[in-house]
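This report concerns only the one structure given below.
These numbers come from the heavy atoms of this one structure, side chains and all, not from hydrogens, waters or symmetry mates.
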Amino acid sequence: MVEQIIQYIHEHFNDSISLESLAEQWNYSIQYLSKQFKLRTGRSPIEYVIQARMAKAKELMIRTDATAQEIASSVGYSDVFYFTRLFKKQVGMTPGQYKKKMKESLGDSDSPWEGFVSSMGKHSSTCYVIDDNHYQYKTEGDRQMYKGTRSKMVLTLMLCFTLMLAACSNGNPSQNNTQGSAGGNSKQSAESTQNMPTNEAKEDTSMRKVSTVMGEVSVPAHPKRVVVDWDLGPVLAVGVTPVGASSTQMNFAKFLKPYLPDTVQDIGLEGSISLEKVLDLTPDIIITWNTAAYESYSKIAPTVVFETSKYSTIQEEITAMGDILGRQEEAKKWNEDFEKRTEAARNKIRNVIPKDATISIVDYITVDKFLMVIGNAGERGGRATYDILGLNPTPKVKSEIIDKKEDRIEVSWETVNDYVGDYVIVLKVEGKEPPKLPVTWTSLDAVKNHHVIEIEMEKYFAADSFSSLLQAEDIADKITKMAASAK
């Protein structure tokens, strides 16, 4: 049975595959099938599906010039952002970083993809490592094969960084030079400093250490030129306007648009950030989520990996960003305002929907042949709905997504009634027609009672603290209007 399922996965990896469909096809219970599969392979069937898809994606990145969207679709993911997150978790870098690294490394090889075709043979189970860190699967071999290869980009950045250091050293008077000629230079330097505002002079010279997931990092006490490749919301929340941000965040965190002036430069899409553009912006500090990009970024400016999973609440997240950017007072004020606005949003819906009512968030617009159900940890409004507004998930959503700390799961239309509650939030994409919905959807109580709230993907893809607050206020408004129209 396990060998047959493995073969089926390799032949149908770009189709919708769920535990339910596998169990039905092989006429076994989900529990028995999953247990037997994991005993033989060390992985669950769905983990195996993901690894098979990622192996094919790696092959396509090396063999073709297809875009990330095209590759995602060809391996079974219509949502390129979801694909990018999965790929990064499995491979240790984003698709753009992987493709660039492999093409630079392999150069003019006639068959560069041969060494990267998945070693997950259709009948092999010994290639698995039983380890919770399954995203490391097969990456050590890739690194070993290209050990010693140097990226031209890294060399260029190292050279630029060295020249910058040299320029800084030559521009400062020697601390040991106390003779006459040096005295004139010291006087001139002192006069220049006096002509600057006191706090600005301190900002240019004062450094401090912050603790990060990459260890202690020296950063400016009050950085002015900030580049951020993902967590845009917390940076804005503490009163800092970045000089550069990823277009992915600027385009899919639309609630933040009013807080973003035109001066913020686009540094590229997530997965293909332009290091040249970042270098041109001469940042004081770079904020990133990406540990794989840390080495390259840190050659340009002090870099902090901002790991949001370290913080249990939104207030802790904002406090941490305030500490990183020297904006402790601004962070404190934002947190105080957050508590007031959260309470106001909760009060708005308190008497509108029953206290024990359940609510679900689903996405059928960016996926095919199945339904995506959202938890509280990922994008698409989950954090706003469950954490900020404190609304109740259905028992299935709680046990299978939230309690397991998953972002989302894919379910078949046949089981949709198990996940959708008394109210349902539905994602929509401007200009994209929704699919024809089956009777299992139209017969739901939430649909028949018109308890459906529509939200826009471009406003709800982001899950940062600031966006989530704005999303929660928007959902509260939509629920209130829905209730008013029902009367």
Side-chain angles (χ1 to χ4, degrees), residues 16 18-20 46 50 72 76-86 89 233 248 252-255 308-309 314 345 349 353 357-413 415-429 432 434-435 437 440-441 444 446-447 451-465 467-476 478-479 482:
S16 176
S18 66
L19 276 175
E20 290 86 355
I46 299 307
I50 292 171
Y77 298 104
S78 57
D79 183 349
V80 67
F81 303 109
Y82 182 46
F83 164 73
T84 297
R85 288 293 182 88
L86 278 179
K89 186 176 182 180
T248 305
F252 286 89
K254 283 293 180 71
F255 275 122
T308 54
S309 63
I314 282 177
I349 60 176
I353 60 176
T358 57
I359 191 166
S360 306
I361 310 167
V362 302
D363 176 7
Y364 51 63
I365 194 71
T366 69
V367 292
D368 295 318
K369 301 178 183 177
F370 58 87
L371 193 71
M372 185 183 290
V373 183
I374 313 302
N376 69 334
E379 305 88 359
R380 297 170 171 84
R383 197 180 196 185
T385 301
Y386 298 122
D387 288 353
I388 298 180
L389 291 177
L391 294 172
N392 304 313
T394 65
K396 276 273 191 179
V397 170
K398 185 176 187 305
S399 63
E400 295 192 14
I401 309 178
I402 296 176
D403 289 348
K404 293 181 179 180
K405 300 189 184 303
E406 298 286 345
D407 290 352
R408 60 188 74 82
I409 60 171
E410 301 165 2
V411 303
S412 64
W413 283 105
T415 62
V416 64
N417 190 54
D418 295 335
Y419 296 90
V420 173
D422 303 309
Y423 295 80
V424 59
I425 296 173
V426 176
L427 271 294
K428 67 177 183 179
V429 175
K432 186 172 182 178
L437 299 170
T440 51
W441 175 266
L444 291 170
V447 176
H451 291 170
V452 179
I453 303 110
E454 290 188 332
I455 59 176
E456 301 83 4
M457 176 64 81
E458 289 187 343
K459 291 182 177 180
Y460 279 82
F461 177 75
D464 66 80
S465 46
S467 291
S468 295
L469 172 61
L470 299 170
Q471 291 164 5
E473 292 175 328
D474 184 59
I475 290 171
K478 290 180 185 299
I479 290 175
M482 179 192 65

Looking at [X] and [Y], would you say the former's side chain and the latter's main chain have a donor-acceptor pair under 3.5 Å?
X: Gln471; Y: Ala462; value: yes
X: Thr358; Y: Asp422; value: yes
X: Ser360; Y: Gly421; value: yes

Notebook entry, point to check: What do the steps show when you test Tyr423 against Ile479 for side-chain contact (heavy atoms from CB on, under 4.5 Å), and what is the final call?
Noted result: CA-CA 10 Å; Tyr423 295 80; Ile479 290 175; 5.7 Å; no

Side chains of [X] and [Y], heavy atoms from C-beta outward: is any pair under 4.5 Å?
X: Val373; Y: Val397; result: yes
X: Val424; Y: Ile453; result: no
X: Lys478; Y: Ile455; result: yes
X: Glu456; Y: Lys428; result: yes
X: Tyr460; Y: Asp474; result: yes
X: Val362; Y: Trp441; result: yes
X: Ile475; Y: Thr385; result: yes

Notebook entry, point to check: Is the Phe370-Tyr364 ring centre distance short of 6.0 angstrom?
Noted result: no

Next item on the list: Could you walk me through whether Thr440 and Asn417 pass the side-chain contact (heavy atoms from CB on, under 4.5 Å) test, one step at a time?
Entry: CA-CA 7 Å; Thr440 51; Asn417 190 54; over 6 Å; no

Next item on the list: Applying side chain to side chain donor-acceptor pair (under 3.5 Å), run through Tyr386 and Asn392 and close with a yes or a no.
Entry: CA-CA 7 Å; Tyr386 298 122; Asn392 304 313; over 6 Å; no

Checklist line | Within 6.0 Å of NZ in Lys398, more than 12 heavy atoms from elsewhere | finding: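 No, the 6.0 Å shell around NZ holds no more than 12 heavy atoms from other groups.
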
Next item on the list: Count the heavy atoms belonging to other residues, nucleotides or ligands that lie under 6.0 Å from NZ of Lys405, then report whether that count exceeds 12.
Entry: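 It does not: Lys405 NZ has 12 such atoms or fewer within range.
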
Looking at [atom1] of [X] and [atom2] of [Y], how far apart are the two atoms once the value is rounded to the nearest 0.5 Å?
X: Met372; Y: Arg408; atom1: CE; atom2: CZ; value: 5.5 Å
X: Ile409; Y: Leu371; atom1: CD1; atom2: CG; value: 9.5 Å
X: Ser465; Y: Arg383; atom1: OG; atom2: CZ; value: 6.0 Å
X: Glu410; Y: Ser16; atom1: CD; atom2: OG; value: 6.5 Å
X: Ile359; Y: Leu389; atom1: CD1; atom2: CG; value: 8.5 Å
X: Tyr419; Y: Ile361; atom1: OH; atom2: CD1; value: 15.5 Å

Notebook entry, point to check: Considering all heavy atoms of both residues, which atom of Ala472 and which atom of Ile388 are nearest to each other, and what is their separation?
Noted result: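 Answer, listing the atom of Ala472 first, then Ile388: CB-CG2, 3.6 Å.
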
Next item on the list: Compare every heavy atom of Met482 with every heavy atom of Val452, then report the nearest pair and how far apart it is.
Entry: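 Here Val452 and Met482 meet closest at N-SD, 4.0 Å.
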
Next item on the list: Go through the steps to decide whether Asp418 and Thr415 satisfy the test side chain to side chain donor-acceptor pair (under 3.5 Å), and finish with yes or no.
Entry: CA-CA 6 Å; Asp418 295 335; Thr415 62; 5.1 Å; no

Item checked: Side-chain donor-acceptor pair present, Tyr82, Asp407, cut-off under 3.5 Å -> no

Notebook entry, point to check: Can you list the steps and then say if Leu437 with Trp413 is a side-chain contact (heavy atoms from CB on, under 4.5 Å)?
Noted result: CA-CA 9 Å; Leu437 299 170; Trp413 283 105; 3.7 Å; yes

Next item on the list: Walk me through it: do Leu391 and Ile349 pass the test side-chain contact (heavy atoms from CB on, under 4.5 Å)?
Entry: CA-CA 10 Å; Leu391 294 172; Ile349 60 176; 3.7 Å; yes

